Every structure is written in structure tokens, then in C-alpha cells.
2 protein chains.
Amino acid sequence: MLGKNKKVADLSSSLPDIWKMLTDVERDQLRHNARIIHFKKNELIYLEDETPKDLMCLFKGKVKIYKSGVGGRSQIIRIIRPVQYFGYRAYFAREPYVTAASAFEACTVCLIPMELIEQFLRNNGDLALFFIQMLSIDLGIADQRVVNLTQKHVRGRLAESLIFLKESYGLEEDGATINIYLAREDLANLSNMTTSNAIRTLSNFVNERIITIDGRKIKIIDEERLRKISRIG
Amino acid sequence: MLGKNKKVADLSSSLPDIWKMLTDVERDQLRHNARIIHFKKNELIYLEDETPKDLMCLFKGKVKIYKSGVGGRSQIIRIIRPVQYFGYRAYFAREPYVTAASAFEACTVCLIPMELIEQFLRNNGDLALFFIQMLSIDLGIADQRVVNLTQKHVRGRLAESLIFLKESYGLEEDGATINIYLAREDLANLSNMTTSNAIRTLSNFVNERIITIDGRKIKIIDEERLRKISRIG
DNA sequence: GTAGAACTATGTTCTAAAACACAAATATAA
DNA sequence: TTATATTTGTGTTTTAGAACATAGTTCTAC
């Protein structure tokens with residue numbers, strides 16, 4: 001009983017965007033169909049070619065959405081932070097997933113059946129527009145990303161990724177350390193380069209006093225320089 | 001009077017997807033707000049940084065959506081064929097255009113104010129879902145494109161573009177000539193390579209008897225080979 | 001029809017980044 | 001703990017593709 005009440009409280013506060021657009025009846029339906037699932041670090045959330053069934057909302061943790069390309073080389077397509085929605089695109093396109101998702105770190109995810117969401121938004125213009133807006137923003141980002149990843153050089157791409165990570169996950173209390181610890185390989189897959197190049201370019205940035213590194217902790221020293229490198233490519 | 005009737009007929013047959021989802025009242029509103037505009041070959045339809053105002057529907061012709069990237073190097077993001085909708089993403093994202101659009105050849109475009117479309121879809125679940133589905137499909141394509149353009153080699157990228165053009169615009173009566181005549185530069189911008197490389201690789205394909213070229217006419221001789229080259233990158 | 005511009009073609013040079021090779025350091029498990 | 005695997009770091013080699021140079025060709029406009 002207490003557990004259920006807690007869950008209800010969780011949903012209303014954790015799904016702010018969607019919750020506030022729903023009627024009482026819809027909220028009740030959502031309450032009865034939403035599931036909360038925990039994922040361990042590096043655990044798979046969904047796989048390429050699977051059938052999409054649920055809208056996912058990341059309550060806690062960090063998630064990567066990625067694709068395996070030519071020769072199994074993996075490319076991180078986007079990263080998710082709390083509270084963001086993911087996993088719905090393929091369902092709306094009536095396709096299997098063309099990407100996979102896995103947990104960068106321990107995660108709490110809320111799953112809501114897509115059938116329910118579709119039913120809601122058919123009668124709820126605000127909710128429909130919410131999804132239209134999310135998709136439109138993501139499509140704009142993807143278009144920009146095509147150009148950045150293909151035209152910028154290694155330094156520009158890595159600089160861009162570092163800034164992107166900072167803006168996505170923020171900084172620690174020291175106001176400089178990026179609040180996510182990625183393997184060099186993930187950093188490479190995010191920036192479309194080999195692991196060696198990510199390591200080497202990171203070292204160069206350290207020598208140029210743009211960042212400092214301590215294992216996987218990356219501290220941004222000169223954000224202005226970093227932004228400039230990202231800008232000029 | 002006759003002109004108006006013609007226009008009405010045009011709309012109902014030319015906007016099949018949207019038209020059939022509207023009520024009589026909505027159709028009337030659409031009729032009074034839609035404009036038909038003609039663009040000459042190479043004419044600009046909209047520019048980067050402009051404010052999006054209209055949903056555009058291509059009735060006739062061929063359109064490229066492109067972005068200028070590092071050092072003004074242009075990248076074709078997607079191409080539009082009749083009857084497809086475009087120009088709406090930025091409005092929904094509440095952003096200025098991040099791309100530009102221009103006519104590959106003489107075009108007829110129907111413009112419908114986005115305010116009207118938004119008003120329609122707030123009360124029309126089918127229409128909302130129609131846009132959600134279009135955006136979802138385009139986002140999936142964009143995600144795939146990031147991987148293809150960054151990981152495939154020049155031959156694979158060009159082969160992919162040729163197949164893409166064939167599937168988009170079809171073949172001429174001979175059942176082999178791709179039904180669009182692009183400058184080598186456009187082919188390069190579509191495939192993320194320099195014009196020289198597009199020319200060179202096209203020549204190689206000719207030598208390997210995969211295609212033949214006659215000016216801008218490209219005839220596909222061995223589609224299987226082309227697909228294989230595209231697949232393996 | 002001619003002049004100039006734009007496009008196509010091909011050869012050559014140069015360079016960014018991948019591929020490879022190997023240490024060293026760190027994490028994980030037995 | 002030691003052993004094993006994984007990750008990080010750095011130097012070297014190789015290569016795909018960009019950049020450059022130049023010439024022939026085909027549009028386009030006057």
C-alpha cells in the first residue's frame with residue numbers, strides 16, 4: 001500500500017512533462033501500466049532489430065544509444081540523461097529498433113507501453129505536440145551531427161564531444177570536472193574516431209593546458225579554447 | 001471561378017495524406033490558406049536561419065535540403081520528391097531553419113501556414129500521428145546516415161547515393177537510367193566527398209562496368225554489384 | 001556565333017587519420 | 001595474493017582521400 005503510494009508520487013514528480021498533460025483517468029491508466037526497471041552498469045536496455053514496445057523514461061543514471069556500423073564499429077548516436085524519454089521513435093516509425101541502448105552506469109528506467117501512449121496522444125493534442133517537438137529537436141540535432149562528424153577534424157570532433165558531455169551531464173562540485181566517466185573507447189565512439197586517436201588527442205589537449213585528466217575524470221581548464229577548437233573544426 | 005475549382009481539385013488529389021484526415025470545415029480553411037508557388041531550377045526555397053512559417057508540400061519537381069558546414073562546404077541532408085512534405089521540422093522545434101532548400105529542377109510547391117497545421121493536429125489525432133510518423137522515419141534515416149557517411153569509404157558512399165537516387169526518383173523508360181540529372185558536385189555533396197572524388201569514383205564504376213555515364217545521365221548496369229559495394233562500405 | 005563561365009576529367013602531391021605494434025598501468029577475478 | 005584481462009599510452013607505418021594543378025568540354029548569355 002505504502003509502496004503503491006510511493007510509486008504514484010514517483011510518477012507524478014518523475015514524469016513531469018507527460019503527467020501534467022493527462023486527465024485523471026489517463027493518469028490512472030498510466031499508473032497501472034507503468035513499470036520501473038533497474039539496469040546495472042553496462043547492462044543492455046534494448047537491442048538492434050528488437051520490436052519496440054515501451055516508451056522509456058530515464059529516472060536515474062546515464063544511457064547511450066548506439067549503432068553498430070561497418071565491420072561492427074560502434075557509433076554512439078545520442079546519450080540520455082534524467083529525465084529524458086527514449087525508445088519511442090522506432091515504434092512510431094513502425095520499425096524494429098535500428099539502434100541499441102545500454103547503461104553507462106546503474107539506471108532506473110520507467111517503461112510505459114507504447115500502445116497506451118499512442119492511445120493518449122490521439123486524443124491529446126498537447127501530448128502529441130510534445131512528441132512532435134521532441135522528434136523535431138532530435139532530428140535537427142541529427143542533421144547537425146551529420147555535418148559535424150563528417151566535416152570536422154579529430155580535434156574539433158573531440159572538443160565538441162567534451163563540450164556536449166559537459167552540457168548534458170554537467171560538472172562536479174569543483175565546477176570543472178565533467179560529471180561522467182567514459183572509457184576512451186566510448187569517447188572515441190561518440191566522436192567518430194579510433195580509440196588511439198581519442199587517447200592521443202586527449203593527451204594533446206592536456207599538453208596544451210586545455211584540460212587535465214586523472215584516469216577517466218576530465219577537467220575542463222580552458223573552455224573558451226575548447227569551444228574555439230570545436231567551432232573551427 | 002473555374003480556377004478556384006481547379007485549385008480545390010488540385011488540393012484534394014495532391015495532398016492525399018493530409019486531405020483525407022480533415023473535416024469539411026478544416027478542408028475549407030486549408031483551401032483558403034494554401035498557396036501554390038513555382039520555383040525555377042536552382043532557385044532557393046528557404047535559407048538557413050530564416051523563420052519557418054509554412055508546411056511545404058512538393059507537388060512537382062525535385063528539391064534538395066542541405067546544410068553548409070565547416071568552411072562553407074555544403075552537405076545534402078535529404079532530397080524531396082513529389083508528393084512529400086518538408087519545411088515543418090524547424091517550426092515544431094521552435095527554431096529557425098538549420099538547413100536550406102533549393103530546387104534541383106523547376107518545382108511546384110504548396111505552402112500551408114504552420115499555425116493552421118498546428119491548430120489542426122491539436123484536435124486531430126490521426127494528423128498528429130501522421131507527423132509523428134514522418135519525423136520518426138526521418139530521424140531513423142538520419143541516424144543511419146550518420147553511420148554510413150562516417151564509416152563507409154568513398155566507393156561505398158557513392159554506391160549508396162546512386163541506389164538512394166534510384167529508389168527516390170526511379171528510372172526512365174529504359175529501366176536503367178536514374179531519373180535525375182545531378183552535377184558531380186551535388187553527387188559529391190550528397191555522398192560527403194570532394195567533387196574530384198565523385199568524378200573519379202564514377203569513372204571507376206564505369207570501367208568496372210557497374211554503370212555507364214553520358215553527361216549527367218547515369219545508367220545502372222549491375223545493381224547487384226552496386227548494392228554489394230554499398231553494403232560492405 | 002562567340003566569349004566567358006561553369007562543369008568534367010585526370011594526373012600528382014600531400015596529409016590526416018587509420019592500422020598496427022607494443023608497453024605500461026589498472027581493474028577484475030581466482 | 002597472484003594471475004589474467006582490460007584499458008591506457010606512445011611510437012611507427014600505411015593509406016584513403018583531400019588538395020592542388022591543368023586541360024578539355026559543355027553550358028549560357030550576350
Side-chain angles (χ1 to χ4, degrees), chain A residues 40-43 69-75 104-105 147-161 180-208 211-218 229 232-233, chain B residues 40-43 69-75 102 104-106 147-162 180-208 211-219 229 232-233:
Chain A
K40 282 174 282 195
K41 185 177 168 164
N42 292 323
E43 201 175 351
V70 181
R73 218 176 109 197
S74 141
Q75 168 74 50
F104 272 136
E105 52 183 60
V147 175
N148 286 343
L149 286 184
T150 57
Q151 298 192 0
K152 284 184 185 175
H153 286 183
V154 163
R155 284 170 63 87
R157 299 204 300 273
L158 186 64
E160 189 188 20
S161 290
I180 185 174
Y181 309 133
L182 294 185
R184 302 290 190 265
E185 190 184 354
D186 277 322
L187 212 48
N189 291 343
L190 186 64
S191 316
N192 180 39
M193 62 186 67
T194 55
T195 307
S196 318
N197 264 328
I199 291 168
R200 209 184 302 270
T201 309
L202 227 39
S203 296
N204 291 342
F205 285 172
V206 171
N207 290 336
E208 297 167 45
I211 61 170
T212 64
I213 54 182
D214 170 17
R216 293 185 179 182
K217 275 187 213 291
I218 298 174
I229 292 169
I232 62 175
Chain B
K40 280 174 283 194
K41 186 177 167 161
N42 292 322
E43 201 176 350
V70 180
R73 216 175 112 196
S74 142
Q75 168 74 49
S102 85
F104 272 137
E105 52 184 59
V147 174
N148 287 342
L149 287 184
T150 57
Q151 296 192 1
K152 285 184 186 175
H153 285 184
V154 163
R155 285 170 63 86
R157 300 204 300 273
L158 186 64
E160 189 188 20
S161 290
L162 293 179
I180 185 174
Y181 309 135
L182 294 185
R184 302 291 189 266
E185 189 183 355
D186 277 323
L187 212 47
N189 291 342
L190 186 64
S191 316
N192 180 38
M193 63 185 67
T194 54
T195 306
S196 315
N197 264 327
I199 291 168
R200 208 184 303 270
T201 309
L202 227 39
S203 296
N204 292 342
F205 285 173
V206 171
N207 290 336
E208 297 168 45
I211 61 170
T212 63
I213 53 182
D214 170 18
R216 293 187 178 181
K217 275 188 213 292
I218 299 175
K219 205 178 278 197
I229 293 169
I232 63 174

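By convention in this document, chain letters (A, B, ...) are assigned in the order of the sequence lines, proteins followed by strands, and residues within each chain are numbered from 1. The structure displayed is predicted, hence computed values, not measured ones.
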Report task. Have a look at Arg216(A) and say if it touches a base, only the backbone sugar-phosphate, or nothing, with a 4.0 Å heavy-atom cut-off. Result ->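 If one applies the 4.0 Å heavy-atom cut-off, Arg216(A) turns out to touch the sugar-phosphate alone, with no base involved.
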
Report task. Just call it for Thr195(B): base, sugar-phosphate, or nothing, with non-hydrogen atoms closer than 4.0 Å on any strand. Result ->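 Answer is nothing: Thr195(B) stays at 4.0 Å or more from every strand.
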
Which heavy atom of [X] sits nearest a heavy atom of [Y], and at what distance?
{"X": "Met193(B)", "Y": "Val154(B)", "value": "CE-O, 3.4 Å"}
{"X": "Gln75(A)", "Y": "Gln151(B)", "value": "CB-NE2, 3.9 Å"}
{"X": "Ser102(B)", "Y": "Asn42(B)", "value": "CB-O, 4.5 Å"}

Measure [atom1]/[X] against [atom2]/[N] and give the value in whole Å, please.
{"X": "Arg157(A)", "N": "dA16(C)", "atom1": "CZ", "atom2": "P", "answer": "13 Å"}
{"X": "Asn197(A)", "N": "dG11(D)", "atom1": "CG", "atom2": "P", "answer": "14 Å"}
{"X": "Asn192(A)", "N": "dA17(C)", "atom1": "CG", "atom2": "P", "answer": "10 Å"}
{"X": "Arg184(A)", "N": "dA27(C)", "atom1": "CZ", "atom2": "P", "answer": "12 Å"}
{"X": "Ile199(B)", "N": "dA9(C)", "atom1": "CD1", "atom2": "C1'", "answer": "6 Å"}
{"X": "Leu158(B)", "N": "dA18(D)", "atom1": "CG", "atom2": "P", "answer": "12 Å"}
{"X": "Lys217(B)", "N": "dT26(D)", "atom1": "NZ", "atom2": "P", "answer": "14 Å"}
{"X": "Leu202(A)", "N": "dT8(D)", "atom1": "CG", "atom2": "P", "answer": "10 Å"}

Does a nitrogen or oxygen in the side chain of [X] sit under 4.0 Å from OP1 or OP2 of [N]?
{"X": "Thr194(B)", "N": "dG17(D)", "value": "no"}
{"X": "Arg200(A)", "N": "dG9(D)", "value": "no"}
{"X": "Ser196(B)", "N": "dT8(C)", "value": "no"}

Query raised in the report: So, the side chain of Thr150(A) versus the backbone of Val147(A): is there a donor-acceptor pair under 3.5 Å, distance only?
Result: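 Yes; at least one donor-acceptor contact below 3.5 Å.
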
**Report entry** N/O donor-acceptor pair under 3.5 Å between Arg157(B) side chain and Lys152(B) backbone
**Finding:**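 Side chain of Arg157(B) to backbone of Lys152(B): a pair is present.
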
Report task. Output the single nucleotide from dA9(C), dA17(C), dA19(C) whose closest atom is nearest the side chain of His153(A). Result ->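 Selected nucleotide: dA17(C).
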
